[in-house]
Amino acid sequence: MSLAAVARRFSDEAAAWDFVEELRWHGKPVCPRCGSADVLYLKPRSSEPRTTRTGTVTFRRVWRCKTCNRQFSVLIGTIFEGSKIPLRKWLMAVYLACAGKNGVSALELQRDLDITYKSAWFMVHRIREAMANSPNPDKLFGVIVADETWIGGNPANRHANAQTTERHHTDKTPVLSIVDKNTGEIRSQVVSDVRGATLGKVIDANVNKLGSILHTDSATQYVSLGRRFVAHHSVNHEQGEYVRGDVSTNIAESHFAQLKRSLDGTYHNVSKEHLNRYVREFDFGVTRGSSQMGSVPPTCSVVRRVLRSVTSR
């Protein structure tokens, strides 16, 4: 879907609601609380559109579940729930968030959707939350590439008063990425340090080591981790070795390059508190797009993930 097609399809609220209801329910509404399909549509009392308590026209359609006797709409249980932002603007925001591989900033959404910065920031973080992996994803299996990078400014560029003489000191934030080489799925996570014990916990939670092969660089923290796999192969970057047969970490390095260019060019500055959401946003773009690095996922795939997600706190 192009931007022009999105604008035509969601030209009004009614079209946006029709789209989301069809995408989630396929014409058969189901109670999001108890899962019952025995529901009743609550028609407006008059032929006029529904209005809110303040008199504003709303296209929200309401059903009542005959099993739990509670009312619901298609937005219950999604990141759209409880928001006063028009649904068509939400869908436009989802499109813009995945239309380019460099992401979209809250300031861009503020200008493009004619909303406040506070609303735009709220929207992009809810969308990023929906893009994150499910709480209990299936473990990766097969040929696994693991590598880490550091996110943050170069300490050498700081003012002389802010620089430190402590050796090997940095306040950059380490990020570990685990790649399934066969499917292209990437899972990244901010970690406190790059010691073997720390990286091992993340790898254990995401990889089925029985039957899997690990590809890494020659960093010492991977030596003990590699013994848990069927096999462990590494390349030695210090000796100028980056590829040996089918062994390399290039797929992870390419992902880091795209991630850093986007963080620097689109967002400029990202706090450690929210960095996990940003890195998982780019994981989603690669995993859900295609097998090519940096590709763009279809809009509907993002919306489907949004509709499966629970409301962000």
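These figures come from a predicted structure and were not determined experimentally. Heads up: numbering here begins at 1 and tracks the sequence.
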Should Val124 and Val6 be regarded as members of a common hydrophobic cluster, given that ILVMFWY residues are connected when their side-chain heavy atoms come within less than 4.5 Å of each other, either directly or indirectly? yes
Measuring only between side-chain heavy atoms, which start at C-beta, is His232 closer than 4.5 Å to Thr216? yes
Side-chain ion pair, Lys209 and Asp204, N-O less than 4.0 Å: yes
Taking the side chain from Asp147 and the backbone from Thr249, do they hold a donor-acceptor pair closer than 3.5 Å? no
With a 3.5 Å distance limit and no angle check, can you tell me whether Glu81 reaches the backbone of Ile76 through a side-chain donor-acceptor pair? no
N/O donor-acceptor pair under 3.5 Å between Tyr267 side chain and Val104 backbone: yes
Please check if Tyr242 and Phe256 belong to a single hydrophobic cluster, counting links between Ile, Leu, Val, Met, Phe, Trp and Tyr side chain heavy atoms closer than 4.5 Å. no
Quick one: closest heavy-atom pair of Ile186 and Ser188, and the distance? CG2-OG, 3.7 Å
Shared hydrophobic cluster for Met92 and Trp121 (ILVMFWY, side-chain gaps under 4.5 Å): no
Close side-chain approach of Ser192 and Thr198, heavy atoms under 4.5 Å: yes
Step by step, work out the side-chain hydrogen bond (donor to acceptor under 3.5 Å, both in side chains) result for His255 and Ser177. CA-CA 9 Å; His255 180 60; Ser177 285; 4.6 Å; no
Under a 4.5 Å cut-off applied to non-hydrogen side-chain atoms, are Leu176 and Ile203 in contact? yes
Heavy-atom side-chain proximity of Val179 to Glu185 below 4.5 angstrom: no
How long is the span from the CG atom in Asp283 to the CD1 atom in Ile178, to the nearest 0.5 Å? 10.0 Å
State yes or no: do Val223 and Val235 share one hydrophobic cluster built from I, L, V, M, F, W and Y residues joined by side-chain heavy-atom distances below 4.5 Å, directly or via other members? no
Roughly how far, to the nearest 0.5 Å, is the CG atom of Leu140 from the OG1 atom of Thr183? 6.5 Å
Check against side-chain contact (heavy atoms from CB on, under 4.5 Å), Lys181 and Ile144: CA-CA 6 Å; Lys181 204 168 185 178; Ile144 305 300; over 6 Å; no
Does Arg244 CZ have over 12 foreign heavy atoms under 6.0 Å away? yes
Look at the side chain of Arg33 and the backbone N and O of Gln71, then say whether any donor-acceptor pair between them is shorter than 3.5 Å. yes
On a heavy-atom basis, which atom in Ala93 and which in Met123 lie closest, and how many Å separate them? CB-CE, 3.5 Å
Nearest heavy-atom neighbours spanning Cys34 and Cys68: SG-SG, 3.9 Å
Angle class for the Phe72/Trp25 ring planes (parallel below 30°, perpendicular above 60°, tilted otherwise)? perpendicular
Tell me whether Arg24 contacts the main-chain N or O of Val74 through its side chain, where contact means a donor paired with an acceptor under 3.5 Å. yes
Can you check whether Leu91 reaches Phe19 side chain to side chain, under 4.5 Å on heavy atoms? yes
State, to 0.1 Å, how close Phe141 and Asn182 come at their nearest heavy-atom pair, and which atoms those are. O-ND2, 4.5 Å
Got a sec: does the CZ of Arg70 have more than 12 other heavy atoms crowding it under 6.0 Å? no
Between Thr116 and Gln110 the two heavy atoms that sit nearest each other are C-CG, 4.0 Å
Spatial distance of atom NZ (Lys139) from atom CZ (Arg187) [nearest 0.5 Å]: 10.0 Å
Can you tell me if Glu13 uses its side chain to pair, donor with acceptor, with the backbone of Leu87 under 3.5 Å? yes
Can you confirm whether the side chains of Ser119 and Lys89 place a donor and an acceptor under 3.5 Å from each other? no
Could you grab the distance from atom OG of Ser248 to atom CD of Glu253, nearest 0.5 Å is fine? 9.0 Å
Just by distance, with hydrogens left out, do Trp90 and Ser83 show a side-chain donor and acceptor under 3.5 Å apart? yes
Between Lys260 and Thr149, does a side-chain contact (heavy atoms from CB on, under 4.5 Å) hold up when you go through it step by step? CA-CA 10 Å; Lys260 290 182 178 181; Thr149 190; 2.7 Å; yes
Who pairs with Ser36 by side chain to side chain donor-acceptor pair (under 3.5 Å), at least two apart in sequence or on another chain? Thr67
ILVMFWY network linking Val143 to Phe229, side-chain heavy atoms under 4.5 angstrom: no
How far apart are the C-alpha atoms of Leu96 and Asp112, what are their side-chain angles, what is the distance that settles it, and do they pass the side-chain contact (heavy atoms from CB on, under 4.5 Å) test? CA-CA 9 Å; Leu96 293 172; Asp112 294 341; 4.1 Å; yes
Hey, could you give me the CG/NE2 distance between Leu107 and His268, rounded to the nearest 0.5 Å? 8.5 Å
Determine whether Lys172 and Ile151 satisfy the following criterion, side-chain contact (heavy atoms from CB on, under 4.5 Å), listing intermediate values before the conclusion. CA-CA 5 Å; Lys172 291 185 178 183; Ile151 304 296; over 6 Å; no
In terms of heavy-atom contacts, Glu108 and Thr266 come closest through OE2-CG2, 3.7 Å
Nearest 0.5 Å please: distance from the CD atom of Glu129 over to the CD1 atom of Ile127. 12.0 Å
Hey, does Glu148 have a side-chain heavy atom less than 4.5 Å from the side chain of Val175? no
Within 45° cone and under 6.0 Å: Arg128 NZ/CZ vs Tyr278 ring: yes
Are any of the side-chain heavy atoms of Val39 and Val30 separated by less than 4.5 Å? no
Determine whether Gln258 and Asn102 satisfy the following criterion, side-chain hydrogen bond (donor to acceptor under 3.5 Å, both in side chains), listing intermediate values before the conclusion. CA-CA 8 Å; Gln258 178 63 56; Asn102 289 325; 2.7 Å; yes
Side-chain heavy-atom pair Trp17, Ser73 within 4.5 angstrom cut-off: yes
Test of understanding: with salt bridge (Lys or Arg N to Asp or Glu O under 4.0 Å), list the residues that count as partners of Glu21, not counting sequence neighbours. Arg61
Without swapping roles, check the side chain of Ser254 against the backbone of Ile251 for a donor-acceptor pair under 3.5 Å. no
Do other residues, nucleotides or ligands put more than 12 heavy atoms under 6.0 Å from the CG atom of Asp114? no
